[in-house]
Asks: 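Mind looking over this structure? Questions follow.
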There are 2 protein chains.
Amino acid sequence: MARPRPTSGQPPDAAGLAFLLSQVGAHSAARFAERLEPLGFKPSHAGILRVIRQSDGLSQQALGERLGMFPSRLVGMIDELEKRGLVERRNSPADRRSYALHLTAAGRDALERIGKVSREHQEAVGAALSESERGQLAGFLRRIAAEQGLTPGVHPGFRTTGGGETT
Amino acid sequence: MARPRPTSGQPPDAAGLAFLLSQVGAHSAARFAERLEPLGFKPSHAGILRVIRQSDGLSQQALGERLGMFPSRLVGMIDELEKRGLVERRNSPADRRSYALHLTAAGRDALERIGKVSREHQEAVGAALSESERGQLAGFLRRIAAEQGLTPGVHPGFRTTGGGETT
DNA sequence: GGGAAACCGTTATTGACTGTAATCGTTCTT
DNA sequence: AAGAACGATTACAGTCAATAACGGTTTCCC
């Protein structure tokens with residue numbers, strides 16, 4: 001049994017739909033992070049700002065839950081964002097142990113810039129495809145995401161993936 | 001509790017092709033890592049074994065270059081694989097400062113098992129799509145990968161992405 | 001030949017991050 | 001009024017990846 005070729009020959013790079021998905025996905029993520037860096041943001045910051053704008057006044061816990069990140073992780077990031085004047089921690093009127101998170105004008109501005117970068121990035125990533133093809137691709141991905149139980153806005157913060165190779 | 005109402009929505013989850021790519025990609029990577037764990041491997045191990053089989057007898061440096069990982073990182077991993085009897089470090093006949101990496105029979109066996117897991121994973125990830133749709137999807141991804149300058153077998157080891165969120 | 005420079009693998013060190021657990025004040029329940 | 005549950009924070013530990021330095025080899029070139 002030296003070189004049995006069960007289905008093809010190997011997990012051939014040629015095929016590997018799953019591999020392609022994570023390869024292109026990782027690339028997309030990396031490139032986006034690069035684009036964001038000059039603005040002084042990391043992708044997680046963008047996610048936080050986006051969610052806060054979407055649901056103004058939510059608590060850190062709610063935010064963490066929605067993004068799938070631990071509250072302890074949020075503290076530092078919101079500290080940063082607040083220090084940069086993009087987010088406000090107002091104390092919630094009803095519940096004095098939680099904060100109500102709000103975007104400042106500068107925060108909305110930053111989010112605007114992030115959105116611009118996002119669109120550019122999206123344009124660049126999809127450059128190989130025609131408009132209608134991009135639509136089809138998005139459709140496929142949405143269906144996969146739904147079937148796999150992924151929540152629309154959220155994405156799996158890379159857990160202990162190992163971080164090297166994938167298929 | 002107020003349901004988060006989709007007030008506005010700049011990079012609306014509806015659109016975000018780039019987001020979808022990295023979301024689904026990260027999910028695929030994570031799930032694959034999960035499937036690999038019971039075998040005692042991390043995705044990077046799988047990548048290493050795969051490349052060694054493909055080009056038997058290459059040096060660690062060449063391996064590292066092809067996978068895009070630092071030689072120092074490889075040392076430990078190959079140590080493991082060698083300790084488990086899957087890989088051999090023979091000294092290269094021509095150049096005594098480099099090793100020639102080879103797969104043992106057990107190593108080929110392990111790779112076989114990995115291949116099986118890979119195919120199962122691939123099947124699971126693509127479950128939402130028909131056979132022909134999967135083909136279309138793979139085609140799109142391949143075109144994107146090519147246009148973006150990604151090397152077929154390799155994938156960007158998540159660099160200092162920040163590791164949290166992406167779009 | 002012989003010595004400097006490039007090269008391979010290895011080790012040690014440093015630096016980010018992330019998840020868990022413990023802490024402190026607040027709110028809810030009974 | 002007391003104890004459990006809860007939100008934010010801090011402290012801690014474990015993991016992991018990149019950088020730099022170190023011995024041993026080989027190659028280049030004078």
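Chain A is the first sequence line, chain B the second, and so forth, proteins listed ahead of strands; every chain is numbered from 1.
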Asks: What is the separation between atom CZ on B:Arg97 and atom C1' on D:dT26, rounded to the nearest whole Å?
Replies: 4 Å
Asks: Of B:Ser59 and A:Asp95, whose closest DNA chain C nucleotide lies nearer the 5' terminus?
Replies: B:Ser59
Asks: Rounded to the Å, how far apart are A:Glu80 CD and D:dT9 P?
Replies: 14 Å
Asks: Scan B:Ser72 against the nucleic acid and name what it touches under 4.0 Å (heavy atoms): base, sugar-phosphate only, or nothing.
Replies: base
Asks: Between B:Ala94 and B:Met77, who's closer to the 5' end of DNA chain D by nearest nucleotide?
Replies: B:Met77
Asks: Does a nitrogen or oxygen in the side chain of B:Arg89 sit under 4.0 Å from OP1 or OP2 of C:dT10?
Replies: yes
Asks: B:Ser28 pairs by side chain to side chain donor-acceptor pair (under 3.5 Å) with which of B:Gln122, B:Gln23, B:His121?
Replies: B:His121
Asks: Using heavy atoms to find the nearest nucleotide of DNA chain D for A:Val75 and B:Phe70 separately, return the residue whose nucleotide is more 5′.
Replies: A:Val75
Asks: Is there a side-chain contact between A:Arg73 and the phosphate of C:dT20, meaning an N or O under 4.0 Å from OP1 or OP2?
Replies: no
Asks: Please report, rounded to the nearest Å, how far the P atom of C:dT18 is from the CG atom of A:Leu67.
Replies: 13 Å
Asks: So, is A:Arg96 close to the C:dG25 phosphate, meaning a side-chain N or O under 4.0 Å from OP1 or OP2?
Replies: no
Asks: Checking side-chain contact (heavy atoms from CB on, under 4.5 Å) between A:Leu101 and each of A:Val51, A:Leu74, A:Leu58, which is the one that passes?
Replies: A:Leu58
Asks: Measuring to OP1 and OP2 of C:dC17, would you say a side-chain N or O of A:Lys42 lies under 4.0 angstrom away?
Replies: yes
Asks: Separation of A:Arg90 atom CZ from D:dG7 atom C1', in whole Å?
Replies: 19 Å
Asks: Has the side chain of A:Ser98 got a donor or acceptor atom sitting under 3.5 Å from an opposite partner on the base of C:dT26?
Replies: no
Asks: When you measure from the side-chain N and O atoms of B:Gln60 to the phosphate of C:dC8, is any distance below 4.0 Å, counting only OP1 and OP2?
Replies: no
